[in-house]
Structures are given as structure tokens and as C-alpha cells.
Amino acid sequence: MADRNGSTGVPEETQNLMPNENAPSESDVSLDLLAQKVQESLALGNRHKFWETQPVGQFKDIGDTSLPEGPIEPPTPISEVKQEPYNLPNLYEWVTCDIDSEEMCAEVYNLLTNNYVEDDENMFRFNYSKEFLRWALRPPGYFKSWHIGVRVKSSKKLVAFITGVPARIRVRDNVVTMAEVNFLCVHKKLRSKRLAPVMIKEVTRRVHLENIWQAAYTAGVVLPTPVSTCQYWHRSLNPKKLIDVGFSRLGARMTMSRTIKLYKLPESTVTPGFRKMEPHDVPAVTRLLREYLSQFAIAPDFDENDVEHWLLPKENVVDSFLVASPETHEITDFCSFYTLPSSILGNPNYSTLKAAYSYYNVSTKTPLLQLMNDALIVAKQKDFDVFNALDVMQNESFLKELKFGPGDGKLHYYLYNYRIRQAVLASELGLVLL
Amino acid sequence: MSDWQPLLQSILIGLLFSYLVAKLISVVLSFKEENLSITRSNNNNYNEPKRTKDDVVVAAPNPRGPEADSGRPHDTESMIAEQGSVRNEESLPCSDVDSDGDDDWEGVESTELDEMFSAATAFVAASAAASSQKVSNDVQLQLYALYKIATEGPCSAPQPSALKMTARAKWQAWQKLGAMPPEEAMQKYIDIVTELYPTWAAGSSLKSKRGQEDAASTDSKAPMGPVFSSFAYEEESGNDLKMDAIHAFAREGDMDNLLKCIENGVSVNLRDSEGRAPLHWAVDRGHLNISELLVSKNADVNAKDNEGQTPLHYAVVCDREAIAQFLVKQNADIGMKDNDGNSPCHVCESDWPWMLHAAKGTD
């Protein structure tokens, strides 16, 4: 009883514990809450209060093979979706961010540039460019209402941001329209105000209003419950700079001279017919990619519009190359990477780390190893400092051989309101979120 | 077939009945657990609209926002709005004006009160889990209500159904505080916690030192989104390089110890197991001053390592122009070939005019 009493006064966000007013019947909720509180007081598992209330795979269900794969909760009629935005602390207000507007885009850019994800040692911070944000937030069929900001009422300063974009994602045999949720950012000075849960709920509400009931997202932390866990790998292109800025370390017994020689790449690509992707390649690349991605358990269901948007090269945003047979002009292989620089914090000599992130790669004729080596060569030509890749899809087959080194970052993938019986291996994952 | 109907009916009735019984039991149980007096609950349940109104007007004398008391106590929305605007005008700019050149932080940034409040809530959460001390329900409800005011402002949520005792009691406690300013609520919350656990702040200030580091690291771990990864630090292994102290001092740029070594008679041209002299290490790590010192102590500028590379090879590969230029001035040979047949001049990718000049000179 004391436990029960003790937790009643805990200033947990009881309101947040029931985000869906239309969720289960009240008696169920109170019984569940009771059970939950008891569990919490027994264990120290106080950390996922928020996620335990959400329709996501729960830790307690891990290994329970009796639960069916698929949506956890059925869709509700749209008329029953909460029509008004969630309450914010009263100094703040919601704003829908029109990313087409130069002014708004600059505000979002500034918020993220100064407050978005950093490494554990706070030496680097992601610096997504404005062009990148416009690309990432306006795929085919995007909803403006899913680009959500929080302003200070008085000053109108943008202090928090979260977004969703629609995507068709295949989970095993089912293609599900989902929201890819990303760019959750709360201003550094407001981190004690617990804005994140209400932002997640608000984006969820707006996704529901479009009759979409599933979402995909990633996180560096373990939440209930990852559908897959991947690791980042890094390939030095400019080792001296990476060492100087602290991205990598030079071992005491290793020389800079030898390190530089180790990562040296040829001046030009080696595969005949290797060239930049062009607009007329969209149909062929779409066919190639669809065929290739069909082997993975979770992968996007790209059509030509998606390929045109996500994979046609965009200066300083996304680069794509393919191999066209010099004789038949048939397109046999494809590789791509996106440009995500980071600010280097507090280094007198360098301010920006230019990183390429492996995106979607398909090899049918050219060995993947050779294809990716050519990708490294063009990335080096384009003056990238490092080439990053997750161990998703078939990437593991080239990482070590092409001198990628393991990173300290684990990336967990999650699905919202979609249960899969068992987490999939990184190599069964065909999805890259930005 | 028609036999099914009565059966179905009785099953349905049975289900309905057992549901009601279960509900009754759960209600009774929750009463017991809450230790809430039945009379008060009843009161709340049945005199709801009136009480709410009274509570707003009477129980929330609000020095800061007289608007809240006047006019239409029903119109919670506009009250909140007014309250908000009053607060905005009144909230004072906070002490630290430093940092990233951001202006207009008035009323936005986390104040000391915010942080104190956060610490107090964290403490309550932790101590409630440990539950060594029993706190009365009234106090708990009060803490809850103050917390809601501090974090969400005045209660505008719809009233929970009468059957949900706990939720109802919480809602009422929140509602009762009316339009209390968040700062006041935070302060009262802290006061109550301090009264209950006089030593909490001591415990948590100890923590907060550590907590700041924690905060920094949790800050970087966003609740959602991508991850910034850099090379995992790997202990070197399988490298059977043998080197002496003088090489390490040259590598680290440790001039004092390097001098001591030389004074103690260690050769400036001592080789490590890869054939590198201290000058190779100093050049590799970019220490111009150490390189100058070694050369002034008669280090061999054209010393070759096991691969036939001179310090100038190292300077060129590592793109260290000042050191390379210094070495060339000290008669380092730009045409000296390593075991692969490459000279410093040959491996030089940088556009160094003095190197071209020197190359022409030797031709």
C-alpha cells in the first residue's frame, strides 16, 4: 500500500499517461495503471513512463510469440481523434512551420544548428543544411501540418521542433503507410521543461488526423522496443583532420604518416560505366532498387516519384551514382550517400566536419566492394572528411575490407503501433532514416 | 438454432454482471488505497459545477493576475490566455545574459527556480519509489496539483468521470489552484518538499555537481532521432613497436624531458624498432620546436626509417609545411628516395612554391 501511496504524489505526468482519451475503457486503464505502478515500485524501471503508455512493443512482451505481428491498436475513426492540439506550458504556442518560407526555414535551421544532436563528449553537433531540411521534409505527398514548431508566445522565438513525413514502408509482406518522425529538437535552455513527450504526442495526433496510424523513427537510446539495432562505421577520408578535431584518435604507437598512407584512395573511380545518376535513369533505378530491397524484412516501398525525390542527385544534399554497362547501357549497380555536415565545437582551426552517409546501394554486376570503393573515391573528390555507414543491408560485407572502423554510436530503429515478433538483424533492415 | 438465443443472453448477462462486480471491487479497492474520505468524494461528485466555480474564485486569490478573478470564471480559456500574457509581461529577464548571443530570452530560459523545481521533482520521484517515508494523500494531491500548475498551467482538462476516484481527486486538486502563477507553484512545491525532507536539497546538491555532467551527456542523447557517432577508441594491439623514452618525449612535444635524455647521453639519433629517430616522431606529430631542438643537437636530418623514409618524407605526407621548409633549410634532401623509390619532392601533393624552387635548384 505504501508503494501505491508513494506513487500517487509522484509528479509524473499522469495526464501524459493517457494520451489517447479515447483509448481503453477507464476501468482497464485504472487496473493497468495499478499494475504498472506496482511493477514500477518493484523494479527501478521508471525510465519509460511515456513509452509504456504508447502502442509500441513493450519490454514485457519480448519473446511472447503468441502476439500477432501487425498494428497494435486498430485505427479509430478520424472524428474521434482529438481535434485540438495538446496543451503546452502556457508561455508557449504551437506553430506550423512552412519550410518553403526562407524566413521559417532559417529559423528551423538555426534552432537545429545550435541545439540538435551532439556526440557524447559535446565536440560535434549535427548541422543539417537548409537545402537538406527542405529535401528531407518535402517528399511526395508530405503534409505541412506535420512540420511542427513551438514558439515563445511573447518573443515568437522558435524553441522546439518535430516533424513527420509520410512513407510507405514494407514490413515483411505488408506495405504500411507510416510517418517517419525525425528532427525532434528542444532548445538547450528548455531541456528541463519536458517538452519532448507532448511534442511526440502532438505529431502523433496530426499523423492520426491524416488517417495514418504507424510511424518509424530512430533513437540513440534504448526505448521499448527496438525492431533492429545497428552500428555506425566510419571510413576516414581526411585522417589528419579527423585526428586534429578529435573525431578519431591516433594511437601512441601509430604515426600520422602511416595513417595517411593507409587511407589514401586512387584519384579516380575504377568501374567502367560508373557515372552520376540523371533524371532519365529514374525508371531503371526504381526497378533495380525495388528488386534489391525486396530481400530485406523492413524496407521502403519506393515508386518512381520517391526515387526521383530521394535519390536524384541534389548539390550538397544527396549524391547518387550508377554503373551503366558500356555496351548495353543497362543499369546494373547503384550507390548513393547524403551530405550531413557537423559543427566542430571549440576547435580553433576547423569549424565544420563534412560527412557523407551511405544511403541506398545496389550491386548486381559490379562487386559491392568495388562499387563502394568507387563511392569512397568520389566522396574524397568531393572533399568529404569521412564516409559513414550503418551495418544495414549488405554493408557488413565491405566495411572491414574498405577500412571502415567501428563507431561508438548505436542506432536503434523503432516502429510505432506496429508489433513484430522478433527484432530483425541489421543485415535484414533495408531502411535508412536521415 | 433458436436454442442459442437464451444461452447467448444468459452469457451476456453473466458477463455484464461480472464486469459490474469487478468494477465495484476495483472502486472499493481504490478507495481503500487512496484513504480518501468518502464524504469528500461524494461532495465533489455531486456538487461539481458549483464547487469548481467557487474554487476558482475563492481558493485562488491571485495577486498577480486580478483579471483571473474578475469577469467570467467559466471562461477558463480566456482566463488562461490573460494569465499567460500577464505572466509574459511580468516575468523578468533572468540573470545569465551570456552564452550564444541569443537575445530575447526573457521568460524563456530555465531559471534557478526551474532547476530547483526539477531537482525537487526528481527527488520526490526517487524517494517515492524508495518509499521509506509515508506521505499523506492530501500532501500528495497538493504536490500533484502544484506540479501540474508549474508545468502545464491552469487546469483546462475535462473533468474525469465520477467513477475514477483517483483521477477525479487529482483533477480537483489541480482545478482548485486556479490560475496560480507557475513560479508560485514551483516555489510552493519546493517548500513542501523541503518541509517533508529537510535534507533533500543537500543530497541533491551533491548530486547536482555530478548531475551537470549527467545532464550534459543526457542532453546529447536525444529522446529520438539520429545519433552522432565517431570512431570507437580501440586499444592498440598486435603492434609490436618498441620505442624508447626519447621517442615518446619527441612525440609528445615534451621539451624538458627530451633535453634531460640528451643530457644523460641518450643518442639523438636513437632508432625505435621501426627505424625511426626522435626527429621522425617530432615531425610526424607536428612539433616544430622539438624538430629545431633535435636538429640543433645534431640530429641527422636525412635519417631513414626501415622503409627508407626521412623526416622530410613525414613532413610532406603529413602536410606540415613549416617543418618541411625548416628541414629543407637544414639541408634535408628533397630527392632522397625511400624503399619504394619515392622522394619527398615526388610525394608532395601540396603546392609549396619553395619546394618547386628547391627542386629546380637540385636539377
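Convention: sequence-line order gives letters A, B, ...; per-chain numbering from 1.
Checking each of A:Phe126, A:Tyr357, A:Tyr232 against B:Phe228 for a ring-ring contact (aromatic ring centres under 6.0 Å, His included) leaves exactly one that passes, namely A:Phe126.
With hydrogens and angles disregarded, a donor-acceptor distance shorter than 3.5 Å links the side chain of A:Thr218 to the backbone of B:Gly225. In terms of modelled atom types and a separation under 3.5 Å, the side chain of A:Asn90 and the main chain of B:Gly153 share no donor-acceptor contact.
A:Ile243 does not touch chain B: none of its heavy atoms, backbone or side chain, sits under 4.5 Å away. In this structure, the portion of A:Ile200 lying under 4.5 Å from any heavy atom of chain B is its side chain and not its backbone. Only the side chain of B:Gln309 has a heavy atom closer than 4.5 Å to any heavy atom of chain A. The part of A:Trp51 that comes within reach of chain B is its side chain, from C-beta onward, which places non-hydrogen atoms under 4.5 angstrom from that chain. Heavy-atom distances place the side chain of B:Glu307, and not its backbone, under 4.5 Å from chain A. Only the side chain of A:Tyr217 comes within contact range of chain B, judged by heavy atoms closer than 4.5 Å. With a threshold of 4.5 angstrom between heavy atoms, A:Tyr413 does not approach chain B through any atom at all. For A:Leu433, no part lies under 4.5 angstrom from a heavy atom of chain B.
Of all heavy-atom pairs between A:Met256 and B:Cys318, the closest is CG-SG, 3.5 Å. Taking both residues in full, the closest heavy atoms of B:Val227 and A:Leu411 are given as CG2-CD1, 3.6 Å, listed atom of the first, atom of the second, then distance. Heavy atoms only, all atoms of each residue included: B:Pro226 and A:Asn182 are closest at CD-OD1, 3.6 Å.
Taking the side chain as every heavy atom from C-beta outward, A:Leu250 and B:Arg285 approach each other to under 4.5 Å. Inter-residue side-chain proximity for A:Val181 and B:Met224 is flagged as met; some heavy-atom pair is nearer than 4.5 Å. Looking only at side-chain heavy atoms (C-beta outward), B:Tyr314 and A:Thr255 come within less than 4.5 Å of each other.
Remark: the B:Ser229 side chain and the A:Asp119 side chain contain no N/O donor-acceptor pair separated by less than 3.5 Å.
Annotation: maximal heavy-atom pairing with chain B below 4.5 Å, among A:Pro239, A:Ser342, A:Ser257, A:Gly405, occurs at A:Ser257. Counting heavy-atom pairs closer than 4.5 Å to chain B, the top residue among A:Arg125, A:Lys240, A:Gln231, A:Met123 is A:Lys240. In terms of heavy-atom pairs under 4.5 Å with chain B, the best-connected choice from A:Ala355, A:Ala196, A:Gly407 is A:Gly407.
Taking B:Ser273 as the reference, nothing meets the side-chain hydrogen bond (donor to acceptor under 3.5 Å, both in side chains) condition, with sequence neighbours excluded.
Remark: B:Asp319 CG to A:Asn238 CG distance equals 9.5 Å, nearest 0.5 Å. Taking CZ from A:Arg253 and CZ from B:Arg251, the interatomic distance works out to 8.5 Å, rounded to the nearest 0.5 Å.
Between A:Arg258 and B:Glu274 there is a salt bridge, with a side-chain nitrogen of the basic residue lying less than 4.0 Å from a carboxylate oxygen of the acidic one. Look at B:Glu152 and A:Arg194 and you find no salt bridge, because none of the NZ, NE, NH1 or NH2 atoms lies under 4.0 Å from a carboxylate O.
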